[in-house]
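One structure is given here, and the rest of the page talks about it.
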Amino acid sequence: MPWTEIQADSGRGRANFEPLQGCVRELSYRDAIREALDQALTRDPRVFLIGEGIDDPGGVFGSTKGLAELHGRERVMDMPLAENGLTGVAAGAAMTGMRPVLIHMRTDFLPMSMDQIVNHVAKWSYMTGGSVKVPLTIRAITGRGWGSAAQHSQSLQALFAHVPGLHVVMPATPHDAKGLLLGAIAGSTPTLVLEHRWLYDRTGPVPEEPYLIGAGSGVVRRGGADVTLVGVSYMVGELMLAAGELARTGISAEVIDLRSVSPLDEELIAASVRKTGRLLVADTGWKRCGISAEVAAVVAERAFDALRAPVRRICIADCPTPASHVLEQACYPDVDGIVAAVRGML
Amino acid sequence: MPWTEIQADSGRGRANFEPLQGCVRELSYRDAIREALDQALTRDPRVFLIGEGIDDPGGVFGSTKGLAELHGRERVMDMPLAENGLTGVAAGAAMTGMRPVLIHMRTDFLPMSMDQIVNHVAKWSYMTGGSVKVPLTIRAITGRGWGSAAQHSQSLQALFAHVPGLHVVMPATPHDAKGLLLGAIAGSTPTLVLEHRWLYDRTGPVPEEPYLIGAGSGVVRRGGADVTLVGVSYMVGELMLAAGELARTGISAEVIDLRSVSPLDEELIAASVRKTGRLLVADTGWKRCGISAEVAAVVAERAFDALRAPVRRICIADCPTPASHVLEQACYPDVDGIVAAVRGML
Amino acid sequence: MNFPNLPQSELLRLYESLTRIRLFEERIVERYHEQEMKTPVHLCLGQEAVAVGVCSRLAREDYIFSTHRSHGHCIAKGMPLRLIAAELYGRESGCAGGRGGSMHLVAPDWGIPGSTAIVGGSIPLAAGAALSAKMQNNGRIAVAFFGDGASEEGSFHESLNFAALHALPLIFVCENNFYATNSPFKARQPECGIAAKGAGYGIPSVTADGNNLGTVYQVAGEAIERARSGGGPSLLEFETYRWKGHVGPACDFEAGCRPKDELERWLERCPHRLYRDGLLGSGQVSCADLDAIERNLRHEIDDAFDFARASAWPDPATLLEHVC
Amino acid sequence: MNFPNLPQSELLRLYESLTRIRLFEERIVERYHEQEMKTPVHLCLGQEAVAVGVCSRLAREDYIFSTHRSHGHCIAKGMPLRLIAAELYGRESGCAGGRGGSMHLVAPDWGIPGSTAIVGGSIPLAAGAALSAKMQNNGRIAVAFFGDGASEEGSFHESLNFAALHALPLIFVCENNFYATNSPFKARQPECGIAAKGAGYGIPSVTADGNNLGTVYQVAGEAIERARSGGGPSLLEFETYRWKGHVGPACDFEAGCRPKDELERWLERCPHRLYRDGLLGSGQVSCADLDAIERNLRHEIDDAFDFARASAWPDPATLLEHVC
Ligand SMILES: Cc1ncc(C[n+]2csc(CCOP(=O)(O)OP(=O)(O)O)c2C)c(N)n1
Ligand SMILES: Cc1ncc(C[n+]2csc(CCOP(=O)(O)OP(=O)(O)O)c2C)c(N)n1
Ligand SMILES: [Mg+2]
Ligand SMILES: [Mg+2]
């Protein structure tokens with residue numbers, strides 16, 4: 001079992017936006033994903049990738065580019081357009097000794113396979129009394145912009161975070177993209193790895209050796225005393241920018257990158273809010289029953305007495321994504337909105 | 001348009017658990033649903049019902065019993081086992097002049113049709129700039145108990161409440177079952193009516209004439225000063241029992257029946273918590289990113305300074321539903337647990 | 001009666017399996033009213049020959065994925081009755097530790113990675129197991145059991161296409177009992193039959209008598225042989241009939257769910273009696289041989305139910321175990 | 001060339017429609033680099049004959065449901081170019097007020113209740129419109145346009161079954177361009193063809209040349225006639241080819257997505273040139289007639305693009321309008 005040789009990295013508390021100690025190599029988020037897949041395919045014969053067009057010249061925005069040539073089309077498989085059925089196929093393979101990575105170009109295609117994900121994959125371990133595990137990894141990418149509109153821009157993490165039996169991780173850095181993906185592939189829990197298209201070109205330090213990050217641990221990206229800013233995925237970078245902006249007027253913001261929305265690092269959040277007394281949550285998805293609701297609820301349960309201001313939630317607008325550029329801009333949250341919200345809390 | 005003759009009933013603040021003024025007729029929740037369907041079919045030729053076995057002798061736990069004989073099998077249609085496709089069929093019919101009511105025996109079958117519900121039905125009005133509406137009503141029933149296990153007992157309202165473009169209502173009384181269902185059928189917004197199997201035999205006053213309850217308004221079922229208990233569906237009755245129990249030791253609980261989880265009656269909740277300073281939310285579904293999270297978040301946003309105790313959430317356990325009776329009992333929340341939680345808040 | 005030309009030992013093995021299912025299901029009917037099996041039961045009485053004919057041709061390592069109506073498949077595949085009975089009784093010693101109940105029978109050691117109560121769900125899962133076997137080149141094959149209703153789900157089409165594309169070692173076994181709950185076939189499908197769907201994918205497909213064990217044995221054998229030798233998937237539609245209501249131990253024709261004479265016609269074609277008559281008619285065995293087998297089976301079933309009822313309940317403190 | 005034997009006016013109407021699509025798509029190619037159309041475009045260059053052959057046989061009230069690659073269908077159905085162009089430019093005057101973009105063209109007044117970018121989604125929606133027409137007995141029929149990729153989705157199978165069961169006035173029109181994004185047909189389906197799927201449901205099904213407008217016109221006409229007279233659904237698979245990349249105005253063979261000689265072979269079978277040559281060869285029209293039509297069309301397109309670019313932006317304050 002090649003995975004057992006790899007040290008799991010809880011990563012808690014380390015600011016991965018800073019250069020990693022001793023790690024000088026920079027990689028893009030895209031290449032970090034690709035490296036993780038390549039290493040998993042190389043080290044573990046049980047791993048295979050499957051997805052629509054993953055072996056084509058584009059290679060899922062570059063994240064699978066060349067892997068079919070390296071590892072063969074039996075292990076880097078194209079598939080028919082049949083998301084639900086193929087999720088079942090991948091799950092059935094996972095139940096019988098393989099470690100599939102199922103890849104979707106858009107998170108929007110996941111609702112096609114909700115039956116298999118929610119009713120089968122998430123429940124199989126429990127329904128079988130733990131006797132059959134489903135070590136399935138599902139990658140899906142959320143985009144933004146260029147008029148992709150309602151069916152090609154969704155950020156649906158809450159639908160999966162709601163359902164017990166799944167892990168849901170959302171890397172914000174190249175380092176975490178590699179580690180969380182390898183952690184998902186190595187683990188025995190079915191895991192959704194939700195990536196953000198707008199992070200693909202971002203670069204950062206990524207160790208060459210394989211390393212695993214398990215689901216469930218957030219990290220403090222920046223320490224602060226006046227307000228806790230909690231975010232996921234693309235919004236973490238926005239929060240970091242907002243924190244920088246706020247610092248210029250003397251407001252000290254702590255930024256938490258959840259990395260995992262299921263399990264959720266409740267203690268990290270609660271401890272921070274107990275310190276700062278203020279909470280703003282920024283999510284790439286919708287508000288109602290979303291990740292931001294859960295984070296707010298956790299704080300209302302665990303740190304209510306520390307709260308010195310109303311909780312604020314910064315999410316995508318409560319509508320399907322519009323196509324027109326001017327509406328898009330109104331729909332997506334931005335740094336100015338975050339900064340203004342924080343100022344309103346003080 | 002027969003619907004315009006019917007007075008919409010906002011219902012806010014009326015305690016429907018008490019006999020309605022001037023209404024003496026009692027009906028079961030099951031028969032209230034059946035009456036609503038019968039009246040809709042009678043008054044509006046655009047209405048038709050479609051679902052697996054809805055014309056059989058059982059008639060969806062009695063809720064459609066005899067309607068095929070009364071209105072014909074063209075309007076009370078059996079269908080193939082093809083939930084996603086048939087949701088699309090119903091949606092296509094709704095886009096072109098009909099008012100279908102699609103019926104599922106179990107809420108668990110809704111994930112099969114998430115693609116059509118989330119990607120099509122919920123988005124069509126917006127994607128078409130409001131030019132094509134989808135007046136589709138989807139009924140689904142959640143059960144409990146008798147070892148139905150993980151795939152036959154889910155309460156998935158949060159998955160739908162998360163998605164803009166849908167209304168999601170959950171009647172707790174026979175009166176609301178009729179009014180919310182008629183409201184859904186009469187409206188132009190696609191609406192999920194989520195019923196609870198354990199309420200089917202409950203009786204209560206139900207006016208004979210058709211009446212509409214729109215989505216979005218909760219009701220205070222019982223006034224109180226010390227704690228706000230917010231619930232939906234089957235949990236409302238449990239909260240009422242808990243409130244009675246608490247009253248015996250001098251604790252005055254206000255009970256809110258949300259009736260609608262999307263839209264959510266935020267102001268009703270916030271106003272109550274501003275008065276009582278304490279919030280407990282009871283849901284039939286899971287906790288993480290669930291209805292209880294949203295209610296807690298709304299309070300953390302809108303009434304944080306009134307809170308005098310941590311928010312408490314009482315939900316189904318964070319696991320798929322087990323089959324064994326002894327595990328089932330541990331999995332579902334009960335009145336004792338609610339009472340104990342409230343005592344812990346005071 | 002297409003009675004198989006087989007060695008006596010094989011004929012008796014089939015009889016034993018067929019009878020084991022029959023008696024086990026009858027025992028559930030007998031005891032269900034006690035309300036100690038607190039789980040819905042979807043009995044396969046009347047349909048046993050499909051399970052036996054198919055599973056008797058499989059190796060223990062081969063995979064089957066079943067549905068809400070899984071008892072027969074699992075018993076025929078060799079799963080010990082104790083594991084099933086204890087699961088029905090919600091006990092810790094059940095195959096899923098009481099978490100699954102009747103609809104989620106599982107026994108990895110007997111090639112049963114699980115069963116699903118979502119109609120159509122078993123089909124792509126079995127295709128996945130077949131893919132897995134192919135990738136691991138371990139010589140195994142997979143069987144998807146499903147009903148006529150499941151053939152209407154998109155997952156059936158998606159799996160047919162994928163299996164044909166990759167020539168997977170997979171057998172699609174449809175038990176067409178002409179009903180999905182109380183909905184008759186003709187309210188759900190045009191009269192083309194289910195096997196007809198296979199042709200569109202180039203998959204060898206047949207419709208056969210599911211109440212004739214000899215026929216099932218033969219048809220399944222050919223498909224399994226083809227799958228094992230790299231010939232790809234097959235689709236087998238077996239016509240059969242369920243005797244009891246969709247769920248529970250009672251009949252349903254009194255409730256108006258199905259015409260009584262339809263049931264009566266099918267009762268005359270009882271798969272167990274047909275096979276037993278053929279067996280006795282073949283002159284290879286005596287009544288006494290068969291009675292002895294039945295006696296042993298009754299002991300086996302007594303033991304399973306006793307074991308189940310004597311087993312401990314799951315500990316509620318373990319509620320959250322095995323979620324992930 | 002199966003050139004249709006039709007009155008001159010009808011022949012010219014077809015030519016006009018075919019050319020309108022061609023020129024409109026070419027205009028997008030011309031202007032897309034300006035980055036003012038901020039929406040992905042899936043062009044139908046090379047596939048126009050299917051849209052024209054089918055839609056020219058429909059009444060304005062008949063329904064079509066289209067996909068991400070919908071421009072041709074909507075234009076052929078009669079939707080004004082202004083509504084499309086303004087939508088591509090994200091303007092308030094677009095068919096969806098700028099909310100839909102290129103992939104969600106809609107025009108209820110021209111029988112277009114909408115288009116979906118979820119592959120396979122258009123099929124059950126069209127079946128629903130057909131059911132609606134049948135229930136309302138209003139004489140309308142519905143068309144589901146979809147690609148070869150969509151035929152792999154379960155929704156295709158579910159819709160075939162439902163349409164056959166209820167003899168719906170529905171035409172399944174599959175544009176088989178042999179690719180889904182960059183995945184070739186043979187990586188996704190066995191070599192049975194898509195029309196072969198219809199037989200399993202008793203649905204009349206044909207595979208035909210989608211680049212020959214005459215053929216499409218004839219085949220579609222027969223199916224539409226059958227649907228309108230209560231004869232139920234048909235499945236039409238039209239073989240064709242897309243000239244541009246899956247999305248955007250560029251070619252994709254340089255990127256290695258498809259072999260260049262494949263494209264070249266299909267370019268030789270340009271549906272527009274084939275039809276134009278046939279038309280001229282028929283002796284019924286002159287080059288000058290056709291040039292006049294083209295000139296008018298260019299003005300129509302100029303007008304549409306000018307209108308679009310001169311139109312107001314949607315007001316961000318209306319962001320939350322039309323959600324429900
Ligand atoms: C996706 C889904 N839809 C509906 C149901 C409810 N249901 C349970 S069994 C059943 C009938 C299945 O019929 P068939 O596949 O023919 O199997 P049979 O019961 O006849 O063995 C139905 C509709 C379900 N469990 N799953
Ligand atoms: C359900 C779903 N899966 C995947 C995609 C991504 N996607 C968009 S278009 C397309 C190819 C569709 O192929 P086809 O149906 O043949 O239509 P074509 O583009 O060739 O016209 C794919 C895979 C999608 N939009 N929806
Ligand atoms: Mg059946
Ligand atoms: Mg194509």
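Every value quoted in this text rests on a predicted model; they were computed, and no experiment measured them.
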Mind ranking A/Ala330, A/Pro57, A/Ala149 by heavy-atom pairs under 4.5 Å with chain D and telling me who comes out on top? A/Pro57
So which heavy atom on A/Leu81 is nearest to which on D/Val119, and how close? CD2-CG1, 3.4 Å
Most contact-rich option vs chain D, by heavy-atom pairs under 4.5 angstrom, among A/Gly85, A/Ala82, A/Ala317, is A/Ala82
Gap between atom CG of D/Leu319 and atom OG of A/Ser324 - 0.5 Å precision: 10.5 Å
I need the contact set between residues 84-91 of chain D and chain A: heavy-atom distance under 4.5 Å, sorted by residue number. D/Gly90
Can you tell which of D/Arg188, D/Lys38, D/Met37 has the highest number of heavy-atom pairs within less than 4.5 Å of chain A? D/Lys38
Segment of D/Gln35 engaging chain A (4.5 angstrom heavy-atom cut-off): both
Do you know which of A/Asp78, A/Asp55, A/Asp56 makes side chain to side chain donor-acceptor pair (under 3.5 Å) with D/Ser183? A/Asp78
Can any side-chain N or O of D/Glu152 pair as donor or acceptor with the backbone N or O of A/Pro80 at less than 3.5 Å? no
So for D/His68, is it side chain, backbone, both, or neither that comes closer than 4.5 Å to the heavy atoms of chain A? neither
Heavy-atom pair count under 4.5 Å with chain A, highest-scoring of D/Cys257, D/Ala117, D/Gly101, D/Gly256: D/Ala117
So, the part of A/Glu83 with a heavy atom under 4.5 Å from chain D: the answer is both
Using a 4.5 angstrom heavy-atom cutoff, name the option from D/Thr318, D/Asn182, D/Val323 with the most pairs to chain A. D/Asn182
Return the OG to CG distance between D/Ser155 and A/Asn84, rounded to the nearest 0.5 Å. 11.0 Å
Assert top hit (heavy-atom pairs under 4.5 Å, partner chain A, pool D/Ser151, D/Pro314, D/Ala96, D/Ala187) equals D/Pro314
Quick one: what part of D/Asp252 sits under 4.5 Å from any heavy atom of chain A, side chain, backbone, both or neither? neither
Give, for atom CE of D/Met103 and atom CD of A/Gln151, the distance between the pair rounded to the nearest 0.5 Å. 7.5 Å
Go through the steps for A/Phe109 and D/Ile118 under the test side-chain contact (heavy atoms from CB on, under 4.5 Å), then give the verdict. CA-CA 8 Å; A/Phe109 310 150; D/Ile118 296 294; 4.1 Å; yes
Partner chain A: residue of D/Gly149, D/Gly97, D/Cys324, D/Ala180 with the largest heavy-atom pair count (under 4.5 Å): D/Gly149
Just do the side-chain contact (heavy atoms from CB on, under 4.5 Å) check on D/Glu153 and A/Met112 with the steps written out, would you? CA-CA 10 Å; D/Glu153 295 283 1; A/Met112 310 283 293; 3.3 Å; yes
